[in-house]
Each structure stands twice: as structure tokens, then as C-alpha cells.
Amino acid sequence: MTSGQTALSDAARLSVAPMMDWTDRHCRHLHRLLSRRTLLYTEMVTAPAVIHGDRERLLGFGDTEHPVALQLGGSDPAELREAARIGAEFGYDEINLNCGCPSDRVQSGAFGAVLMTRPDLVAECCAEMIAVSPVEVTVKCRIGVDEQEPETVLPHFLETVAAAGVRRFTIHARKAWLQGLSPKENRDIPPLDYDLVARMKRAFPHLHLSVNGGVGSLDEAEPFLKAGLDGVMIGRAAYHAPADVLCEADRRIWGDPGTSRAEAAVRDMLPYIEAHLSAGGRLHQVTRHMLGLFAGRPGARGWRRVLSEGASRPGAGPELVIEALGRVEDLQQAA
Ligand SMILES: Cc1cc2nc3c(=O)[nH]c(=O)nc-3n(C[C@H](O)[C@H](O)[C@H](O)COP(=O)(O)O)c2cc1C
């Protein structure tokens, strides 16, 4: 393993999941202010978009975001090879292939979760990506799809793809139903099977396996690590309550001293927001990812209301964020 891979394997002890429309660069900047160590993922970008699209818009990211992984969608080995090359050249620390997303759009392109039925093709895609990527190529998958039997499908999938040179996988511990369930239902309805993921770790001790799906907090994440899994990926909880999940992550997961604070992160976001506005951006593009920062704490409602009502107004700027923070701090002092 290269030293870069070792560092990434360590960062992957905790990661924030790739989430379309959510984990854009503004969101990742915020998450990085809350945790220096957690591995962050982009939204999925399809290989054809990487090759033919507006690269700066689709792939651009800030120096502050490392360690950060680019998630690709696709199933054409040559396209994925080119997209991986471009992604690595852009400076991403890892290239991840999406084999777990069940949305219609993704199915029509024959990639995402449907690739659980095509392990040989996934292996071929990964081999092509690995051949050109100086950074690690990883896979995010499900435990199976539709009528597949996860007990047999998942080990076969891992073995086949690992033979192509992939050694780090994130497993969303539920099946995807490609017909009949919406993408949202596919994140909740198929039952979670964490035991199967734990058994995969015992069967493939040389692979780095992270579990994903339904993990709501660090309290829920830590037992997986203690039980021997290599990493935990958190999606919705990290988005909706980022401070709850990330402020203590560096101390609890990596043993670093100190914790971050949501209030400090808000202040640290101000120069970033100013730069975004100066470049022609809108306030709500950044603040929409900040709405959950005080979730469950006094002032959370006022914080959300000020930002969600005001941030889309023309000319809205950092003073609105300062006003919203003032509501939180007033209530906290009174409490
Ligand atoms: C809004 C949203 C968008 C998502 N987009 C992606 C995506 O682009 N790629 C992917 O692999 N998974 C995607 N997912 C699935 C998450 O990465 C994750 O596997 C799932 O939410 C389960 O984890 P959680 O229970 O911690 O949220 C998305 C989930 C959500 C909620």
C-alpha cells in the first residue's frame, strides 16, 4: 500500500456519504470546518459528464476539502478510465465507483445498484480505472438487488472486484429494489443486515470494509469500529445534524485533542460566503447546507427560520448569517 492509501484508509474510519444535490463543495467546506479528519465524498458525477461536461463546475473543489473522494457513476470501462484519470488529475484523493444508487436515471444508464448483478463488468471497470489513476479506486455497493441472495452475491461481488485490485469497499447494508421502490424508499424500506457486513469482514480480513446505512450518530458508529469493521459511512444524519456527528469525530474516532463548535464553524464560514458572493454566487447556495447546524439545540428553530426565509432574497449576505447566529446565542445565554 502507498502512504497515500494508508492515510486514506485511516480517514475512511468515518466518512460522510456521497449525496446528490447535498454534498456539493459548499457542504463539504462546512463539514471540513467541523472535522479535519473525516473523509468526504462528492455527489455522484457520471463518467460522460466528467468527460464532456463543464469540468470546473462539476469537479471544482477547494484546497480545504482534503481528504475528499470523487464518486463516479458509469459502467463503460473506457469512459470510467478517462473519468478516473481526469478526476485524479483534478486532485481528488480517491475515485469511488457507485454500485449502490437505485434511481431511475441511473438504472437507464445501466449503472449504480444494477451493477450488483454484473461483478465481472465492475471488475473490468475498476481495472481500467486503476490502470490510469495514481489515487486509490474504491467501490460503494449494496448487499444485493431484487431477488438476489445477499449471502452468496455479496462475497462473490467482493471477491471478483477485489481481484481487479480494489481493496476498500463501502457497503450500504441493505438491498436495493430496482422496480417498485423510489430511491428514497430504497434508503429506508429494505431491511438492514449489518451482520452480513460483519461476516464479510471476517471472510475478507485483508479488505477495508466500511458499513453504511441507518447510522445516526457517533454513538451508533463506534460499536462497528470496535467490532472490527474498518470504517463507518454516515449520510443523512451527517447532513441533517452535521455538528452532532462531526464536532466530536476527530477526538472520538481518531483520538485527536479538542472538538469543534458549530458557532465557530458559522464564523469561519463567513469569509467563504463572502468569496462565494463576490464570485457571483447566492447566499442560499451555501446556507441551505447550514440549516441543521444547531439541530436539537436552543435557537435551532430561529436559526433555520432566519436563514430559510432570508437567504434567497436578492442581495442577502453574511449579515443575515450573523443575525441568525445572534438568535442562537441569545437563547443559549438565556438558557
Ligand atoms: C439526498 C441523497 C442523495 C444520495 N445520492 C447518492 C449518490 O450520489 N451516490 C451514492 O452512492 N449514494 C447516494 N445516496 C445514498 C447515500 O450515500 C447513503 O448510502 C444512504 O443515504 C444510506 O446512508 P444513511 O442511512 O447514513 O443516510 C444518497 C442519499 C441521499 C439521502
Side-chain angles (χ1 to χ4, degrees), residues 14-38 40-43 57 60-65 68 184 215-219 234-252 258-335:
L14 183 72
S15 56
V16 177
M19 290 179 282
M20 289 263 242
D21 297 328
W22 289 10
T23 51
D24 63 15
R25 60 188 295 177
H26 309 310
C27 176
R28 299 192 304 264
H29 186 86
L30 171 70
H31 287 177
R32 182 57 71 223
L33 290 172
L34 298 170
S35 165
R36 288 181 300 116
R37 304 288 292 261
T38 304
L40 304 179
Y41 281 81
T42 66
E43 312 164 82
R57 187 179 62 78
F61 69 96
D63 286 343
T64 54
E65 290 174 38
V68 58
K184 186 168 185 299
V215 181
S217 63
L218 288 180
D219 283 346
I234 304 185
R236 288 163 290 185
Y239 187 81
H240 292 306
D244 281 358
V245 172
L246 296 174
C247 280
E248 293 198 353
D250 294 359
R251 183 175 60 77
R252 288 175 62 175
T259 52
S260 61
R261 295 197 67 232
E263 290 82 347
V266 172
R267 290 200 179 82
D268 289 345
M269 283 300 283
L270 296 175
Y272 180 86
I273 288 172
E274 271 162 23
H276 176 66
L277 298 178
S278 307
R282 302 284 300 270
L283 182 64
H284 73 94
Q285 293 167 330
V286 180
T287 54
R288 71 191 186 97
H289 303 299
M290 300 169 69
L291 298 178
L293 260 179
F294 297 96
R297 291 178 51 188
R301 203 178 305 161
W303 162 260
R304 282 188 84 95
R305 199 177 47 239
V306 171
L307 287 185
S308 39
E309 285 173 6
S312 304
R313 292 197 191 119
E319 61 291 338
L320 187 80
V321 181
I322 295 167
E323 182 196 332
L325 182 61
R327 302 278 177 101
V328 176
E329 290 178 333
D330 287 350
L331 269 177
Q332 284 175 357
Q333 273 158 19

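All figures in this text were calculated on a predicted structure; none of them were measured in a lab.
- If you look at His289 and Tyr239, their ring centroids are closer than 6.0 Å.
- Val16 has its side chain out of reach of Val245: every pair of non-hydrogen atoms, C-beta onward, lies at least 4.5 Å apart.
- Side-chain contact between Leu30 and Leu293: present, with at least one pair of heavy atoms (C-beta onward) separated by less than 4.5 Å.
- Taking every heavy atom of both residues into account, Thr38 and Leu14 meet most closely at CG2-O, 3.3 Å.
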Which is it for Glu263 and Arg267 under the salt bridge (charged side-chain N to carboxylate O under 4.0 Å, His left out) test, yes or no, and what are the steps along the way? CA-CA 7 Å; Glu263 290 82 347; Arg267 290 200 179 82; over 6 Å; no

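- Shown here for His240 and Ala295, the closest heavy-atom pair between the two residues is O-CB, 3.9 Å.
- Ionic pairing of Arg252 and Asp219 is present here: one or more N-O contacts between side-chain nitrogen and carboxylate oxygen are shorter than 4.0 angstrom.
- For the residue pair Tyr41 and Ser15, the shortest heavy atom distance occurs at CE1-CB, 3.8 Å.
- Of the possible polar contacts, none joining the Arg327 side chain to the Gly299 backbone as a donor-acceptor pair under 3.5 Å is found.
- Put simply, the side chain of Trp22 never gets that close to the backbone of Gly235: no donor and acceptor are under 3.5 Å apart.
- Here the side chain of Arg304 pairs no donor or acceptor atom with the backbone of Leu307 at under 3.5 angstrom.
- In terms of heavy atoms, Ala262 sits closest to Leu34 at CA-CD2, 4.4 Å.
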Would Arg288 and Asp24 count as a salt bridge (charged side-chain N to carboxylate O under 4.0 Å, His left out) if you check the C-alpha gap in whole Å, the side-chain angles of each, and the deciding distance to 0.1 Å? CA-CA 11 Å; Arg288 71 191 186 97; Asp24 63 15; 3.5 Å; yes

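- Side chains of Tyr272 and His26: a donor on one and an acceptor on the other come within 3.5 Å.
- With contacts defined as side-chain heavy-atom distances shorter than 4.5 Å, the pair Val286/Leu277 does not qualify.
- Nearest heavy atom pair, residue Ile234 against residue Ala237, reads CG2-CB, 3.8 Å.
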